[in-house]
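Since we're looking at a predicted model, the values are computed, not measured. Quick note: residue numbers are just sequence positions, from 1.
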Amino acid sequence: MRPTLVLFRGIFLKAIILLTRYAFNTVSELVTIYLFFALIFFGGQAFIGTAFTDSLEGIIVGFFVFTIAVGAYSSVSWDIIREAQWGTLEQLYMSPFGFGRVTLVKVCVNVLISFLWGGTMLALMLLTTGETLALDLVTILPLLVLTLASAVGVGFITGGLALLYKRIENLFAIIQFTFIGLLAAPVDAYPVLRFLPLALGGDLLGAAMARGVRLWELPTGDLLLLTANAVGYVVVGYGIFQYISKKARDRGVLGHY
């Protein structure tokens, strides 16, 4: 266990150093996300009016989950792309920790940082709109972790594709738009959507944060399905990642960019 903690500490410190050393880029990214929300908020008020205001709580929750989910899923791929550009990707494979463990710890660190991003954005959105949400951490954190797990599973798959094909930025854009659709999906009207990434979790988080429903008040079947989705997407995604990474090694393209 101790080597894993040492690895976690090293990767976490590296992430913080990169965020602070390139502070302008970090702040610019945060401002860009906030301006995107501000455009939605003020534009919706101007052109839609009362109907937009009535759905504002759901929009804030959806944007909050979307912000964290994008960071969670894309972190795997971006880390691999950057390591390939820096010429350090093969060194990770030769690490005594093993590439699989390094990748898993990187995912945990990136999800933690995504939580910080999401929390900051949530505070800015609430200040901008004047809305209030139920922020019961006992309810929100488990739902958020289980919801993000499906996004991480997708991230493992795109991470494997980044190992093999290197440039997959256009795929990121497609997945981001898909995530928006899934978070807005009417899962009550179309139950099959509950099996897709983010859809069920986003719906449950909306109930918890916008309507104040507690964890133990949510339907047991929905919670079990959310847990099964989380485990299934992570296991399948990581399995595909391992398969594609082996294929990339066999082709000798790990260190190429």
Q. Does the pair F36 and T67 meet the rule for a side chain to side chain contact (heavy atoms under 4.5 Å, CB included), with working shown?
A. CA-CA 11 Å; F36 182 57; T67 301; over 6 Å; no
Atom of [X], atom of [Y] and distance for their closest heavy-atom approach:
{"X": "A149", "Y": "V234", "answer": "O-CG2, 3.4 Å"}
{"X": "L183", "Y": "G62", "answer": "CD1-O, 3.6 Å"}
{"X": "Y233", "Y": "L196", "answer": "OH-CA, 3.5 Å"}
{"X": "A230", "Y": "L146", "answer": "CB-O, 3.4 Å"}
{"X": "G71", "Y": "S114", "answer": "C-OG, 3.3 Å"}
{"X": "L133", "Y": "A210", "answer": "CD2-CA, 4.1 Å"}

Q. What residue pairs, at least two apart or across chains, pass salt bridge (charged side-chain N to carboxylate O under 4.0 Å, His left out) with a residue in residues 119-129?
A. none
Q: For residues 171-193, pull every pair meeting salt bridge (charged side-chain N to carboxylate O under 4.0 Å, His left out), keeping only residues two or more places apart or in separate chains.
A: D188-R194
Under 4.5 Å between side-chain heavy atoms, counting indirect links through other Ile/Leu/Val/Met/Phe/Trp/Tyr residues: same cluster for [X] and [Y] or not?
{"X": "V235", "Y": "V154", "answer": "no"}
{"X": "L141", "Y": "W216", "answer": "yes"}
{"X": "L13", "Y": "F115", "answer": "no"}
{"X": "V111", "Y": "L116", "answer": "no"}
{"X": "V145", "Y": "V231", "answer": "no"}

Could you grab the distance from atom [atom1] of [X] to atom [atom2] of [Y], nearest 0.5 Å is fine?
{"X": "I244", "Y": "T158", "atom1": "CD1", "atom2": "OG1", "answer": "9.5 Å"}
{"X": "M121", "Y": "L126", "atom1": "CE", "atom2": "CG", "answer": "10.0 Å"}
{"X": "L137", "Y": "L144", "atom1": "CG", "atom2": "CG", "answer": "10.5 Å"}
{"X": "F64", "Y": "L205", "atom1": "CZ", "atom2": "CG", "answer": "7.5 Å"}
{"X": "D222", "Y": "D203", "atom1": "CG", "atom2": "CG", "answer": "7.5 Å"}
{"X": "L112", "Y": "I68", "atom1": "CG", "atom2": "CD1", "answer": "10.5 Å"}

Does [X] reach the side chain of [Y], with side-chain heavy atoms less than 4.5 Å apart?
{"X": "P197", "Y": "N229", "value": "no"}
{"X": "V192", "Y": "V187", "value": "no"}
{"X": "L223", "Y": "L143", "value": "yes"}
{"X": "K14", "Y": "R9", "value": "no"}
{"X": "V31", "Y": "L35", "value": "yes"}
{"X": "I33", "Y": "F63", "value": "yes"}
{"X": "F37", "Y": "T129", "value": "yes"}
{"X": "L104", "Y": "F8", "value": "no"}

**Q.** Step-by-step side chain to side chain contact (heavy atoms under 4.5 Å, CB included) determination, L200 to T147
**A.** CA-CA 8 Å; L200 178 58; T147 301; over 6 Å; no
Q. Near R101 CZ, under 6.0 Å, is it more than 12 heavy atoms from other residues, nucleotides or ligands?
A. yes
Q | Residues forming a side chain to side chain donor-acceptor pair (under 3.5 Å) with D136, sequence neighbours excluded | A | T139
Q. Do any pairs count as a ring pair (Phe, Tyr, Trp, His ring centres under 6.0 Å) and have a residue in residues 172-200, sequence neighbours left out, and if so which ones?
A. Y73-F179, W78-F172
Q | Pairwise ring pair (Phe, Tyr, Trp, His ring centres under 6.0 Å) hits with a residue in residues 140-163, at least two apart | A | F156-Y238, F156-F241
Q.
Can a donor-acceptor pair be found, under 3.5 Å and without considering hydrogens, that links the side chain of Q242 to the backbone of G239?
A. no
Q.
Between L122 and M209, does the side chain to side chain contact (heavy atoms under 4.5 Å, CB included) criterion hold? Intermediate values first, please.
A. CA-CA 11 Å; L122 181 61; M209 297 176 69; 4.1 Å; yes
Q: Given side chain to side chain contact (heavy atoms under 4.5 Å, CB included), test M125 with F41 step by step and report yes or no.
A: CA-CA 9 Å; M125 288 188 290; F41 173 62; over 6 Å; no
Q: Taking ring pair (Phe, Tyr, Trp, His ring centres under 6.0 Å) as the test, write out the residues that go with F12, two or more places apart.
A: none
Q | Donor + acceptor pair across side chains of Y34, T120 (<3.5 Å) | A | no
